[in-house]
J.: 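The structure under discussion is supplied below as structure tokens; questions concerning it will follow.
Read the numbers this way: they start at 1 and go in the same order the structure lists the ligands and their atoms. Because only heavy atoms are used, hydrogens play no part in the values below, and waters and symmetry mates are left out as well, while side chains stay in.
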Amino acid sequence: MKRSFFSVFLTFFIFIGAYAQDKPAIIPMPSKIEWKNSEFQFPSTITFYADAEAEKSLKWLKTLLNTTGSELEKASEKEANVSLKINKDLSSSLGKEGYQLKVTSEKITIEAVTNAGLFYGITTLRQLFPAEVESGKITAAFSIPSVTISDKPYYEWRGSMLDVARSFFDLDYLKKHVDRMALYKLNRFHLHLSDDQGWRIEIKKWPKLTQIGGQSAVNNGRAGFLTQEEYKDLQAYAKERNVMIIPEVDMPGHTYAALQGYPELSCENFENLNPKRAIPPAPFHGTDVGWSKFCMEKPVVYDFISDVIAELAEITDGPYLHIGGDEIEDEHYKEFVVKAEKIVRENGKTAIGWEEVTQAKVDDPFISQRWTGATKSVVDTRIIESICKNFYLDHGNIPNQPNTYSWCKKDGVSLKNVYDFVSENKKAIGVEGALWTELVHSDATADDRLWPRNIAVAEVGWSSPKKKDYSEFKKRLGTHGKRLDYLGINFYKTPDVPWNTTKIKGVFSTVEK
Ligand code: TNX
């Protein structure tokens, strides 16, 4: 008798334990989350409602609900199973990107101040669905747990940088990357568009930039460029997913690909190339850095950058243009940075530069992107944190991973190194993971370097540092393995994460367990 009482007792706790464990893992961790003891069962016809201002977000809600295979039907707010509402009264608690998601046994409601907030509410709802949602079709019956979530980001800037200059990535991959960023609420896609090995954005007034500079890449690898139309297409695609494109044209160093087409931007006898590994128009396929620059005494250089910045400003929706500014020593450097910043401002945009630019007296609202933290700044600008020992994803996931760098951190940049980053800077506006591609020559390798470490970047950017718990994060991340598989991402199977993966064949890539 006693025994059976004990076993009932035990079964009860096992049941509770399993139930608690089975809650879907939400990444990044929301600000407030309260699970309830009921669930929402999807009916065979799902009814939905959106108020006038929320109509724009219906597209995302419908895409999500369509994965259930149920019929969708418009209904009144009162009748609807799922409702989207814009509620401006929530602005002091939710800000621009926050949302409230409420799931009861009766109904699902998402409220936000903007459509960006609704997009994130829908994204969280997507993570309450089974992983199979990422395949576009859920084949088994399911319900989602009742929950009340109130959520908003810690930082406004949650970025991912991809170097398309050393190795080019085509529009298709760039769009896929936007999709993946959006699933984890990353919202700034920084494209490193030019460097010594390649120029990747069409500039109409200086066509040889892409006709010549667009044809080379590291190791004679993936070359190419985006036309302005393709750039705008990517930008529109990203904007719908609340991702802003941040274009970077690196100057006055890292400019060899530009010099290839336009050697007149060089000094006499190419004294701006040191050592002269190549003389324009010969392409450069190596990986050395810090050996090329514009001839900053020449007026034509300023005509050139004025035209490039004007065209970039014209095709860019967001308020930012990144002017690079890294790894260069030149007596005219500070002067150049001040001039370039002024040109950006005259074109109605805010300039961003790698931290070296803060040696020059540049005005607010200029933003500095920190990568070594070693620059002696003369100004107190806003900051994007990309400190290399935490955010350089061209470094190994583990020590000695083949084809990775280790100059910043000799044992690589682990998932934990990313996750543990905390900024001490009051002027930090956010974080950004950077993937340089000297050693990355395929989509699969890019996937391996970007994921899952970008998911840690996302949580550092979105969730409060007070809530951080790496071992708990690893568990949540592990359950996302299946999701990443369904998305066809060749993610690195970080050894200390309890990955729950799946073998998928067919439309999606086959991923090993
Ligand atoms: C430093 S970080 C660079 C890049 C390289 C990278 C390789 C920065 C602003 N400059 O040009 O690709 O190291 O890790």
J.: Among the heavy atoms of Q369, does any lie under 4.0 Å from an atom of ligand 1?
T.: no

J.: I'd like to know whether NZ of K176 has more than 12 heavy-atom contacts from other residues, nucleotides or ligands below 6.0 angstrom.
T.: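 Yes, because the 6.0 Å sphere around NZ of K176 holds more than 12 heavy atoms from other groups.
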
J.: Please list the nearest protein heavy atom to atom 10 (N) of ligand 1 with its residue and the distance rounded to 0.1 Å.
T.: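 Ranking protein heavy atoms by distance from atom 10 (N) of ligand 1, first comes D326 OD2, 2.9 Å.
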
J.: Taking both backbone and side-chain atoms of R166, is any N or O found less than 3.5 Å from an N or O belonging to ligand 1?
T.: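 Yes - when backbone and side-chain N and O of R166 are compared with those of ligand 1, one distance drops under 3.5 Å.
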
J.: Taking atom CH2 of W199 and atom OG of S194, what is their separation to the nearest 0.5 Å?
T.: 4.5 Å

J.: For atom 3 (C) of ligand 1, what is the closest protein heavy atom, and at what distance to 0.1 Å?
T.: E327 OE1, 3.4 Å

J.: To the nearest 0.5 Å, what is the distance between CG on L484 and OH on Y492?
T.: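 Those atoms lie 15.0 Å apart.
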
J.: Rounded to the nearest 0.5 Å, what separation is found between the CD1 atom of I26 and the OG1 atom of T479?
T.: 10.0 Å

J.: Closer than 4.0 Å to some heavy atom of E438 - which atoms of ligand 1 meet that?
T.: 5 (C), 7 (C), 12 (O)

J.: Quick one: do the N417 and S414 side chains pair a donor with an acceptor below 3.5 Å?
T.: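 Yes, a side-chain donor-acceptor pair sits under 3.5 Å.
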
J.: Would you mind running through ligand 1 and noting each atom that sits below 4.0 Å from a heavy atom of H254?
T.: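 In order of numbering, the contacting atoms are 11 (O).
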
J.: Do K468 and Y419 meet the cation-pi criteria used here (NZ or CZ under 6.0 Å from the six-membered ring centre, within 45° of the axis)?
T.: yes

J.: Establish, yes or no, whether the cationic atom of K239 lies under 6.0 Å from the six-membered ring centre of Y237 and within 45° of the ring axis.
T.: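 Negative - K239 is either too far from the ring of Y237 or too far off its axis.
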
J.: Would you say the side-chain atoms of W157 and E432 include a donor-acceptor pair closer than 3.5 Å?
T.: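 Their side chains do contain a donor-acceptor pair, which is all the 3.5 Å distance test asks for.
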
J.: Run the numbers for me: atoms of ligand 1, each under 4.0 Å from some heavy atom of W354, listed by number.
T.: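 Every atom of ligand 1 under 4.0 Å from some heavy atom of W354: 9 (C).
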
J.: What is the closest protein heavy atom to atom 13 (O) of ligand 1, and at what distance does it sit?
T.: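 Of every protein heavy atom, W407 CZ2, 3.3 Å lies nearest to atom 13 (O) of ligand 1.
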
J.: Considering only protein heavy atoms, which is closest to atom 7 (C) of ligand 1, and at what distance to one decimal place?
T.: D394 OD2, 3.2 Å

J.: In the protein, which heavy atom is nearest to atom 2 (S) of ligand 1, and how far is it?
T.: Y392 OH, 2.4 Å

J.: Would you mind listing which atoms of ligand 1 come within a distance below 4.0 Å of any non-hydrogen atom of Y405?
T.: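 Contacts of ligand 1 toward Y405, numbered from 1: 7 (C), 14 (O).
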
